[in-house]
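I have placed the structure first, in the form of structure tokens, so that the comments after it can refer back to it.
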4 protein chains.
Amino acid sequence: MAGTEDKYNYGTGMNPTCQKLILATERLLRRDGLSHVTTRKIAQEAGVSEGALYHHFRDKAELLHAVVLISMGDFREILDGLPLLVGQRTVGENLEHMLQAAFEFQFKIVPIACSLYADHLLLARTREILSERGIGPQCSITVIAAYLQAEQRLGRVAADLKPEAASQLLLAGSFHKAMFDHFLARDLSEDVTRRHLREMVNALLAGIEPRPAGKN
Amino acid sequence: MAGTEDKYNYGTGMNPTCQKLILATERLLRRDGLSHVTTRKIAQEAGVSEGALYHHFRDKAELLHAVVLISMGDFREILDGLPLLVGQRTVGENLEHMLQAAFEFQFKIVPIACSLYADHLLLARTREILSERGIGPQCSITVIAAYLQAEQRLGRVAADLKPEAASQLLLAGSFHKAMFDHFLARDLSEDVTRRHLREMVNALLAGIEPRPAGKN
Amino acid sequence: MAGTEDKYNYGTGMNPTCQKLILATERLLRRDGLSHVTTRKIAQEAGVSEGALYHHFRDKAELLHAVVLISMGDFREILDGLPLLVGQRTVGENLEHMLQAAFEFQFKIVPIACSLYADHLLLARTREILSERGIGPQCSITVIAAYLQAEQRLGRVAADLKPEAASQLLLAGSFHKAMFDHFLARDLSEDVTRRHLREMVNALLAGIEPRPAGKN
Amino acid sequence: MAGTEDKYNYGTGMNPTCQKLILATERLLRRDGLSHVTTRKIAQEAGVSEGALYHHFRDKAELLHAVVLISMGDFREILDGLPLLVGQRTVGENLEHMLQAAFEFQFKIVPIACSLYADHLLLARTREILSERGIGPQCSITVIAAYLQAEQRLGRVAADLKPEAASQLLLAGSFHKAMFDHFLARDLSEDVTRRHLREMVNALLAGIEPRPAGKN
DNA sequence: AATGAATGAGCTTTCATTCAT
DNA sequence: GATGAATGAAAGCTCATTCAT
């Protein structure tokens with residue numbers, strides 16, 4: 001993915017000072033929570049000066065945003081690859097695979113994303129940054145909804161399903177689980193997590209209403 | 001607060017100054033977000049002196065805990081009526097009705113609940129308090145899951161549904177929407193909100209998988 | 001003047017901390033110039049904490065404003081007393097007396113007033129403070145113009161004089177001299193200053209145009 | 001700048017980078033006020049690197065001095081034409097015309113000239129430079145005073161007028177107006193400005209004292 | 001019990017200046 | 001000569017907490 005047209009290439013080929021700052025911020029956020037993460041501590045942890053932080057990022061919010069972007073990791077690639085999976089394997093397998101990646105991402109950013117609600121100014125600034133760059137949480141929902149719609153056209157998804165609603169339910173489910181796991185400070189094994197997510201996917205796949213005996 | 005028999009008796013028989021402080025804090029938390037709620041603003045909003053705050057609470061954290069406790073306390077009551085609906089009307093109607101109430105509550109507490117993630121100490125202490133009192137987000141999930149299980153026994157819900165998973169999906173969906181609405185600072189009409197929630201319920205009711213033509 | 005309705009009573013009966021801060025600011029401004037006068041230095045010089053500064057003044061601009069107000073000293077009283085002088089002594093004597101007081105005030109505030117132009121934000125904030133309180137430099141001009149108008153009605157001032165213009169000329173003249181004395185860092189004797197000011201008053205009194213021989 | 005014969009040759013035969021820096025600084029000073037003119041902004045505005053600034057000027061102060069010098073340099077030229085007007089048209093017309101030009105110049109330099117008062121070191125250094133070159137505000141006063149004296153000899157100006165005092169009153173009046181317009185951030189039409197200045201000239205021409213009925 | 005002035009450490013951000021390339 | 005990343009001190013301001021009254 002190096003050298004793509006991505007203007008905000010925080011994953012690869014990045015200035016080492018930038019990288020140090022982002023990693024330091026991520027580490028501190030996870031350990032202490034946003035309200036204890038000061039620019040001073042970040043600079044110290046990164047081993048650079050506080051001035052350097054403002055040389056590379058307009059403000060603290062922009063640094064936080066970079067942390068979020070870098071945390072997307074696999075999830076972004078999987079979202080990008082989703083259109084190619086239309087008609088492949090089963091819908092359930094595809095959704096489950098996607099949701100695992102989503103969860104991994106969400107689990108990392110819950111401490112940041114939720115912290116924003118503690119500071120309306122930071123929240124507003126984040127909104128600004130996201131809209132400046134034309135991205136945001138709704139993007140993931142839209143991409144998955146588009147996938148479901150494509151499968152709908154193939155008859156692999158119920159014709160009367162609202163793709164947006166189903167998509168939001170799934171992402172919300174994994175995000176909620178991520179918040180929950182953080183809240184309880186529980187460190188679940190990968191297996192348990194996978195099972196949780198699979199159960200959500202399955203519940204949504206089959207639906208709540210009983211199906212007439214026959215198929216399934 | 002001195003010497004009553006209920007250690008967490010923040011609702012009744014409380015010193016009026018205490019009560020004023022707690023209510024003022026709750027109002028401010030909702031309005032401004034944790035990081036802008038200062039002891040000075042709290043005292044002003046409550047109409048007492050800053051010093052008084054420290055007569056009734058050891059420190060700001062203790063006051064915040066009291067507020068969190070009160071705010072979260074309603075969790076249980078929200079769903080008390082649910083068991084009575086088993087077998088009544090349709091499952092869809094019952095769930096939708098429940099989700100509207102849940103959303104209203106969640107929308108109110110998002111700024112407070114999310115703020116907790118900004119401060120790991122506050123989060124840890126809240127975790128302890130809530131688990132001590134046997135409340136918290138898991139309660140809601142359990143109650144709804146119990147309702148679904150009861151309906152399952154009546155055959156009104158698919159036999160192979162995992163009630164916990166479906167329940168979490170729904171609550172997560174509305175919570176996610178609440179966070180989203182706050183993030184975008186959008187004030188949706190009641191109608192639009194109702195439609196959003198109904199679409200989620202419907203998506204989960206019918207499921208993603210296509211149903212064989214015929215009944216339903 | 002103690003106990004008047006003046007809401008911003010910075011001269012008398014003032015909180016000693018306030019007074020210390022104002023005096024310290026005045027001293028430092030005179031010595032170093034605004035751009036070297038930091039809130040930290042002010043607090044040190046005043047022998048109080050930096051926090052105390054912000055306890056008594058909303059921001060640095062408000063403190064500067066207080067310094068200006070306290071510097072008005074006699075000038076304000078003389079302006080207040082001007083209406084009573086209508087018809088008394090000669091117009092020249094009255095104006096000269098007023099201008100001496102104006103100069104004393106202006107000489108003190110030149111370093112502050114001019115410094116504001118170095119910082120557009122501070123300038124804007126000052127404009128805000130002044131308009132909040134309904135005061136400003138135009139007030140002095142107006143008061144003196146009113147005096148001239150009253151004398152006009154008595155025939156002691158030329159009927160076709162524009163009072164505002166004459167008033168501004170005088171105040172501008174002494175302000176300009178104050179700037180000039182500061183610029184040259186010259187410490188003129190009171191006598192020389194008095195003569196300068198008297199010459200300005202006289203020039204304006206008699207006018208530039210030659211008078212027909214006869215009276216005067 | 002290196003090794004030319006004119007120590008203050010900032011206008012001609014100068015290194016283009018130097019020139020760009022000086023012009024950029026002047027523009028910014030006028031627009032933003034001294035305290036917001038940073039070396040970074042200067043370099044950006046000049047289209048060179050921040051480092052280049054330090055190749056051509058020992059420090060920021062030296063650059064500022066160069067700018068002040070250039071800005072103030074016009075002082076002398078403004079009034080060069082005045083001696084030629086002695087005995088021409090009316091004294092009032094001549095003064096009014098001169099004051100319009102003076103105002104235009106003063107309005108431009110107010111932000112720079114006043115900013116000097118924010119930094120006593122800068123003020124002192126400017127004082128030295130200006131007096132070394134024999135320029136400064138006193139020059140304008142002297143030139144106008146000389147004009148008035150010449151007219152006095154022709155009987156077109158009252159014999160007992162102190163030319164210096166009248167001259168300073170006028171220049172002070174327009175400078176004061178310039179400061180005022182900046183302070184109020186008001187952008188007056190040329191017509192209004194012209195009227196303001198004309199009223200000042202007229203007030204000074206006719207004087208405050210009533211004239212015996214009859215001529216004039 | 002209640003007040004509110006005072007504290008001082010800490011916050012985010014800015015900026016003149018240096019220096020390896 | 002020119003660059004621009006890096007520095008680190010210092011700016012204005014905030015805030016939980018204390019304490020004399």
So, do [X] and [Y] sit near enough that their side-chain heavy atoms are less than 4.5 Å apart?
X: L64(B); Y: L34(B); result: yes
X: T126(A); Y: H65(A); result: no
X: T39(C); Y: Y54(C); result: yes

Spacing between [X] atom [atom1] and [N] atom [atom2], to the nearest angstrom:
X: I42(A); N: dT13(E); atom1: CD1; atom2: P; result: 10 Å
X: H36(D); N: dA16(E); atom1: NE2; atom2: P; result: 11 Å
X: L64(B); N: dA16(F); atom1: CG; atom2: C1'; result: 12 Å
X: L21(A); N: dA5(F); atom1: CG; atom2: C1'; result: 12 Å
X: N15(C); N: dG4(E); atom1: CG; atom2: C1'; result: 11 Å
X: L28(D); N: dC15(E); atom1: CG; atom2: C1'; result: 15 Å
X: D119(B); N: dA16(F); atom1: CG; atom2: P; result: 12 Å
X: Q44(C); N: dG8(E); atom1: CD; atom2: C1'; result: 12 Å

Which atom pairs link the protein and nucleotides 17-21 of chain F when you take only N or O atoms and keep those under 3.5 Å?
residue	atom	partner	partner atom	Å
dT17(F)	OP2	Y54(B)	OH	2.9
dT17(F)	OP2	K60(B)	N	3.1
dT17(F)	O4	E50(B)	OE2	3.2

For E45(A) and K41(A), what are the C-alpha separation, side-chain angles and deciding distance, and is it a salt bridge (Lys or Arg N to Asp or Glu O under 4.0 Å)? CA-CA 6 Å; E45(A) 176 85 9; K41(A) 279 188 196 161; over 6 Å; no

Return no unless some side-chain N or O of T17(B) is found under 4.0 Å from OP1 or OP2 of dA1(E).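 Indeed not, no polar side-chain atom of T17(B) lies that close.
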
Look at the side-chain N and O atoms of H56(D) and state whether any lies under 4.0 Å from the OP1 or OP2 oxygen of dA2(F).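 Answer yes for this pair, as a side-chain N or O of H56(D) is under 4.0 Å from OP1 or OP2.
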
Mind checking side chain to side chain donor-acceptor pair (under 3.5 Å) for [X] and listing every partner two or more places apart, or none if nothing turns up?
X: S35(B); answer: none
X: R127(A); answer: none
X: R31(D); answer: none
X: E128(A); answer: R125(A)

Between L53(A) and L34(C), just flag the one whose closest nucleotide in DNA chain F comes earlier from the 5' side.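 The residue mapped nearer the 5' terminus is L53(A).
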
Which nucleotide sits closest to the side chain of T38(C): dA11(F), dA16(F), dT7(F)?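 Comparing dA11(F), dA16(F), dT7(F) against the side chain of T38(C), the answer is dA11(F).
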
With the side chain of S49(B) defined as its heavy atoms from C-beta on, choose the nearest nucleotide among dG4(E), dG8(E), dG4(F).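 Nucleotide nearest to S49(B)'s side chain: dG4(E).
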
So what's the dot-bracket for DNA chain E: Watson-Crick or G-U pairs under 3.5 Å, [ ] if a pair crosses, | if it pairs off-strand? .||||||||||||||||||||

Taking the nucleotide of DNA chain E with the nearest heavy atom to each, does V37(D) or V48(C) sit closer to the 5' end?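 Going by which nucleotide is closer to the 5' end, it is V48(C).
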
Test V110(C) against F183(C) for side chain to side chain contact (heavy atoms under 4.5 Å, CB included), laying out the working first. CA-CA 10 Å; V110(C) 154; F183(C) 176 70; over 6 Å; no

